[in-house]
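First up is the structure itself, then whatever we jot down about it.
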Amino acid sequence: MKVFNTLSRKKEEFVPLQEGKVSMYVCGPTVYNLIHIGNARPMIVFDTARRYMEHKGYEVNYVSNFTDVDDKIIKKANEEGVEASVISERYIMECKKDMEALNVKSATTHPKATNEIGGMIEMIQTLIDKGHAYVAQDGTVYYKTRSFKEYGKLSHKNLDDLRSGERALLVSGQEQKQDALDFVLWKPKKEGEPYWESPWCEGRPGWHIECSVMSKKYLGDEIDIHAGGEDLIFPHHENEIAQSEAANGKEFAKYWLHNGFLNIDNKKMSKSAGNFFTVRDISEKYDLQVLRFFMLSAHYRSPLNFSADLMEAAKNGLERIVTGVDNLNFLLEHGAKGAMTEEERKLVETAKGYIEKFDAAMDDDFNTADAISAIFELVKFVNTHVSGESSGAFVEAMKDEILLLSDICGLIVDRKKEILDTEVEGLIQERQEARKAKNFARADEIRDMLAAQGIILEDTREGVKWKRA
């Protein structure tokens, strides 16, 4: 398997740090509103990469954070007259609902920034002690960018070029920077903002430090894959490298994967341009499996253009696969039985060639566009060779092959698919979290969703028990 490493700007053979295991960190959303379709692209493509690695036999430790303290969250909280945590918890729950509808698997761990403040203070102190950070007069802590000699190795720019791309951080004490490229690790509190105690001042962390700390805590000092949108290469991921490698004295991530930008009708998505769409907006017009299929129809590193015409094409493409599975279900329900004939066994072996073609595409830097082409070819093969005369075993084997490849892509193509035990457990856990957060509407929605699938819940002293009706 080869992946394109942003660090080296070339495809490299994927060799994990620990045989049979993959540690993977994917930057998650800032939770101040419903996620938009730009947020959805990395969620979908890196979920698919994870699924494929699990298919290959790897045990994947997949961490994706929620940034739950941020200027936008605080602004919205002040507008509503509530605590910032009320806003962030609300939109974490809404994000999880959208991820579920997109069939994005829950991360192994979904850490929240506000739960990791202690670790951030500890890493910042380490950076100060090692001479990579300094404290300004008002208590702001800055990272001394030029102290890290390899700064710029991810974005492939030198320090002076990076000056023009510096992210403006509206904090007090900007004039106290020793260098214009230095960035904030800790900033003093402002009126109406949440804050935490620190050795330097009452305040809150800068944006970049949280991912360095959460990656270290949940995956270790060195990880296999760090992924996210192309827009995060600079400054966020560049700063993560500087922080983590200066603090830990080790290479932070072996492979850096970044998905391309998403445009709307060939224009940048923005609210001011009137072309801004949340995942929830799209769900009013399409099954979100169509959005997932659309996102996978192009290579993840390529720019992707979203339009009504392309979504219709995606809808029709997904329907071809779903219809193929529907036809097989119809045959199984209407009398297809018995063992395979010798001719059918040969056809099954031939069909395995499409699985090999699928694997070859995914081994080539997760080329989902070519992988989906292999699924289409398999469906066409099945439509050609399966009939009312086929044995039940042959029909089942053909269905299993289509479902195997579709499931790796996270595509639900079997309308009769029964909800899995792991999915039930995940929904029950989410219901428990919703009840703790007093989001009873979501808790009731999950109970009703499970009831519709024939799942009966029973609240006991030992916890929630469930059974199939």
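Sequence positions, counted from 1, serve as the residue numbers for this chain. None of these values were measured; they are calculated from a predicted model.
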[X] atom [atom1], over 12 foreign heavy atoms within 6.0 Å:
X    : atom1 : answer
K130 : NZ    : yes
E59  : CD    : no
K75  : NZ    : no

- Task: For the residue pair H258 and H237, categorise the inter-ring angle as parallel (less than 30°), tilted (30 to 60°) or perpendicular (more than 60°).
- Result: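 Geometry flag for H237 against H258: tilted rings.
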
Side chains of [X] and [Y]: do they bring a donor and an acceptor to under 3.5 Å?
X    : Y    : value
N275 : K267 : no
Y300 : D365 : yes
Y218 : E116 : yes
D129 : T126 : no
Y52  : D363 : yes

Closest heavy-atom pair and its distance - [X], [Y]:
X    : Y    : answer
A133 : L185 : CB-CD1, 3.7 Å
I35  : C95  : CG2-SG, 3.8 Å
F252 : S215 : CE1-OG, 3.5 Å
D370 : A361 : CB-CB, 3.7 Å
G206 : I209 : O-CG2, 3.4 Å
H156 : T6   : NE2-O, 2.8 Å

Within-4.5 Å side-chain heavy-atom neighbours: [X] and [Y]:
X    : Y    : result
Q176 : Y134 : no
F366 : T48  : no
R146 : Q178 : no
K254 : E222 : no
I44  : L296 : yes

- Task: Decide ring-ring contact (aromatic ring centres under 6.0 Å, His included) for F148 and H132; before the verdict, give the C-alpha distance in whole Å, the side-chain angles of both, and the deciding distance to 0.1 Å.
- Result: CA-CA 7 Å; F148 184 67; H132 291 285; 7.0 Å; no

Would you call [X]-[Y] a salt bridge at under 4.0 Å N-O?
X    : Y    : value
R442 : E430 : yes
E433 : K96  : yes
E356 : K352 : no
D71  : K190 : no
E122 : K216 : no
D98  : R280 : yes
R51  : E54  : no
E89  : K112 : yes

- Task: Tell me, with the steps shown, if T368 and M362 meet side chain to side chain contact (heavy atoms under 4.5 Å, CB included).
- Result: CA-CA 6 Å; T368 54; M362 292 296 284; 3.9 Å; yes

- Any chance you could lay out the side chain to side chain contact (heavy atoms under 4.5 Å, CB included) test for F358 and I375, step after step, and finish with the verdict? CA-CA 7 Å; F358 177 96; I375 299 177; 4.0 Å; yes

- Task: Please determine which of F46, Y62, W256 meets the ring-ring contact (aromatic ring centres under 6.0 Å, His included) test together with H226.
- Result: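 It is W256; the other options fail the test.
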
Side-chain donor-acceptor pairs under 3.5 Å in residues 9-21, sequence neighbours left out?
| from | atom 1 | to | atom 2 | distance (Å) |
| --- | --- | --- | --- | --- |
| K11 | NZ | D364 | OD1 | 2.6 |
| E12 | OE2 | N5 | ND2 | 3.4 |
| E12 | OE2 | S8 | OG | 2.4 |

- Show the numbers, then the answer: is there a side chain to side chain contact (heavy atoms under 4.5 Å, CB included) between N239 and W207? CA-CA 10 Å; N239 290 352; W207 175 39; over 6 Å; no

- Message: Would H55 and D407 count as a side chain to side chain contact (heavy atoms under 4.5 Å, CB included) here? Give the steps.
- Response: CA-CA 10 Å; H55 163 69; D407 187 59; over 6 Å; no

- Task: Starting from the C-alpha separation in whole Å, work towards a yes-or-no answer on salt bridge (Lys or Arg N to Asp or Glu O under 4.0 Å) for K153 and E245.
- Result: CA-CA 12 Å; K153 66 180 178 179; E245 297 192 1; 2.9 Å; yes

- The single option from L411, I412, L318 passing side-chain contact (heavy atoms from CB on, under 4.5 Å) against R292: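 Result: among L411, I412, L318, L411 is the only option passing the side-chain contact (heavy atoms from CB on, under 4.5 Å) with R292.
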
